[in-house]
Protein chains: 2
Amino acid sequence: MPTGDPRANPTADPRDIPDATVARLPEYLHALHTLAEAGLSTVSSEALAAAAGVNSAKLRKDLSQLGSYGIRGVGYDVVMLKQQISDVLGLTRHHSVALVGVGHLGQALAGYAGFANRGFAISALFDISSERVGTMLGGLLVRHLDELPTVVAAERISIAMITTPPLAAQRVADSLVKAGVTSILNFAPCVLDVPGNVDVRKVDLAVELQILSFHEHRKSQGLNEKEAV
Amino acid sequence: MPTGDPRANPTADPRDIPDATVARLPEYLHALHTLAEAGLSTVSSEALAAAAGVNSAKLRKDLSQLGSYGIRGVGYDVVMLKQQISDVLGLTRHHSVALVGVGHLGQALAGYAGFANRGFAISALFDISSERVGTMLGGLLVRHLDELPTVVAAERISIAMITTPPLAAQRVADSLVKAGVTSILNFAPCVLDVPGNVDVRKVDLAVELQILSFHEHRKSQGLNEKEAV
DNA sequence: GATTGTGAATCCATTCACAGCG
DNA sequence: CGCTGTGAATGGATTCACAATC
């Protein structure tokens with residue numbers, strides 16, 4: 001790590017936060033929101049960990065990654081910690097999100113309150129079906145995919161969700177990348193090929209069920225043997 | 001390896017397959033389906049890994065976990081490998097799935113073709129809203145939550161999806177567990193408290209966006225410094 | 001010759017346990 | 001004394017690299 005680089009930084013070290021930690025920060029943030037609403041002003045690692053569903057050692061290690069200062073003997077300041085995590089996650093910047101593919105799932109996501117609540121606004125919808133293009137959905141016009149480049153540029157969109165059928169997904173991804181999108185949340189069950197500077201996260205609902213199926217299978221076999229889990 | 005007969009056997013060791021491997025098996029299975037449709041009868045670890053979006057060493061290690069026999073110098077038999085993975089995942093058994101919470105997201109999932117395609121049938125819908133209870137959705141009646149215990153028992157449902165608001169989710173989970181459900185896919189943004197024999201997987205869409213937001217943030221900061229990845 | 005299966009090496013994540021501090 | 005922050009220990013997962021096998 002040859003970063004001969006000063007620390008004139010807000011909060012903490014920039015990019016060397018482990019992925020596993022990053023994936024949990026949103027959970028901590030959410031728990032902190034709940035605690036703040038309940039009126040708590042400080043919280044111990046033990047209590048926050050319980051609220052987020054992890055153990056306290058892991059929580060403390062995670063928070064130490066972002067240089068957060070709790071107070072020994074007391075705990076963490078709820079408001080300050082919220083602010084700090086929001087900063088690290090980049091949630092203080094506003095993020096406009098595009099959604100491509102206005103089928104059942106796309107419609108549900110377009111109307112999902114959970115996004116707006118947590119700092120994301122879907123600000124453009126795209127599809128290719130002539131039945132859907134031109135209709136309104138959750139206050140937004142469904143546009144034709146052809147308009148994607150101009151709209152993405154105009155609205156400075158850097159994050160997109162793909163909820164198209166799998167066969168269309170790669171083409172859509174190519175188009176998004178060319179338009180300047182650098183983060184993609186892919187709901188289509190297929191592998192996307194994108195340049196190295198583009199982050200893709202995949203959510204595959206059938207895969208989740210299949211993983212659960214494995215555990216069901218395992219449990220039902222386990223009946224024969226007296227192994228407790 | 002005390003396996004006498006490679007094919008008449010229930011493949012391999014039961015429960016000591018690493019979680020990380022289990023999470024990838026569905027991806028391999030999906031890739032194999034695609035390859036099978038394309039008419040391939042054998043596939044190398046290199047090609048299958050590419051189709052599944054992983055590297056070949058990982059793929060081979062994963063497959064070796066389930067005792068799978070490829071053929072050195074040739075590759076894997078597509079049909080046999082599909083069968084083997086399906087067995088391990090317990091997909092040869094039929095799984096009936098309950099869905100609780102017929103809001104936007106629930107409606108979308110109830111109509112999601114991707115489940116049926118891959119071996120899961122949603123066979124019961126529940127809600128508490130009097131506006132929704134009694135309506136039909138995707139050929140299924142939306143039932144009141146009160147009917148959950150009897151229906152879950154009658155249909156032998158062991159897997160459920162929760163797509164309710166977060167405040168209702170714990171109560172629903174309790175009810176599911178009491179009715180005999182042992183695997184839950186939770187879309188509500190909250191931590192569920194369940195007995196140790198129940199598996200919960202959580203899908204939080206806002207969390208996915210927040211993780212992407214972090215990477216956006218990181219990338220935009222990275223513009224200042226010329227650090228290579 | 002090609003490709004699998006796998007020990008060994010490496011990397012990353014979690015947990016432990018306690019020193020350090022309020 | 002209580003609780004955080006963290007080095008050290010442990011445990012998994014990934015990658016390497018090559019011997020075994022077809």
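Below, chain A is the first sequence line, B the second, and so on; all start at residue 1. Note that the structure is predicted; figures quoted are calculated from it, not measured.
- With the end axes of the helix from C/dG1-D/dC22 to C/dG22-D/dC1 each set by five pairs, the angle from one to the other reads 0° at 10° resolution.
- Side chain B/R72 to base D/dT21: no donor-acceptor pair is found below 3.5 Å.
- In terms of phosphate contacts, B/Y69 brings no side-chain nitrogen or oxygen within less than 4.0 Å of OP1 or OP2 of C/dT3.
- Atom pair A/I71:CD1 and C/dG20:P shows a separation of 20 Å (rounding to whole Å applied).
- Note on B/R118 versus A/D204: salt bridge recorded, some NZ/NE/NH1/NH2 to OD/OE distance being below 4.0 Å.
- Between C/dT3 and B/S44, no contact under 4.0 Å exists linking OP1 or OP2 to a side-chain N or O.
- Under the 3.5 Å distance criterion, with hydrogens and angles disregarded, no donor-acceptor pair is assigned to the side chains of B/S96 and B/E155.
- Remark: P of C/dC12 and NZ of A/K61 are 15 Å apart, rounded to the nearest angstrom.
- As a whole-Å value, the separation of B/Y76 OH from C/dA2 P is 18 Å.
- Counting heavy-atom neighbours within 6.0 Å of B/H104 NE2, excluding the residue itself, gives a total of 12 or less.
- Taking only side-chain atoms of A/A57, from C-beta outward, the nucleotide of C/dA13, D/dT15, C/dC16 with the closest atom is C/dC16.
- No side-chain N or O of A/E37 forms a donor-acceptor pair with one of A/H33 less than 3.5 Å apart.
- Rounded to whole angstrom, the span from the CE atom of B/M80 across to the C1' atom of C/dT4 amounts to 13 Å.
- In this structure, B/L59 atom CG and D/dT14 atom P are separated by 12 Å, rounded to whole Å.
- For the 3.5 Å distance criterion, the side chains of A/T21 and A/D62 qualify, holding a donor opposite an acceptor.
- We find that CD of A/Q65 is positioned 11 Å from C1' of C/dC12, with the value rounded to whole Å.
- In terms of heavy-atom proximity, B/L99 sits nearest to B/G101 at CD2-O, 3.5 Å.
- For the pair A/D16 CG and C/dA13 P, the computed distance is 12 Å after rounding to whole Å.
- With distances taken from any side-chain atom of A/D19 to the nucleotides C/dA13, D/dT4, C/dT6, the minimum falls on C/dA13.
- Contact between the side-chain N/O atoms of A/S45 and the OP1/OP2 oxygens of D/dC3 is not found at any separation under 4.0 Å.
- Of the possible donor and acceptor atoms, none in the side chain of B/S45 sits under 3.5 Å from a partner among the backbone N and O of B/G75.
- Position along DNA chain D of the nearest nucleotide to B/R60 versus A/V43 favours A/V43 as the more 5'-ward residue.
- Considering only side-chain N and O atoms, A/N55 lies under 4.0 angstrom from the phosphate OP1 or OP2 of C/dT15.
- Toward the 5′ end of DNA chain C lies the nearest nucleotide of A/K58, the other residue of the pair A/K58 and A/V74 mapping further downstream.
- Distance CD (B/E46) to P (C/dT4): 8 Å, rounded to an integer number of Å.
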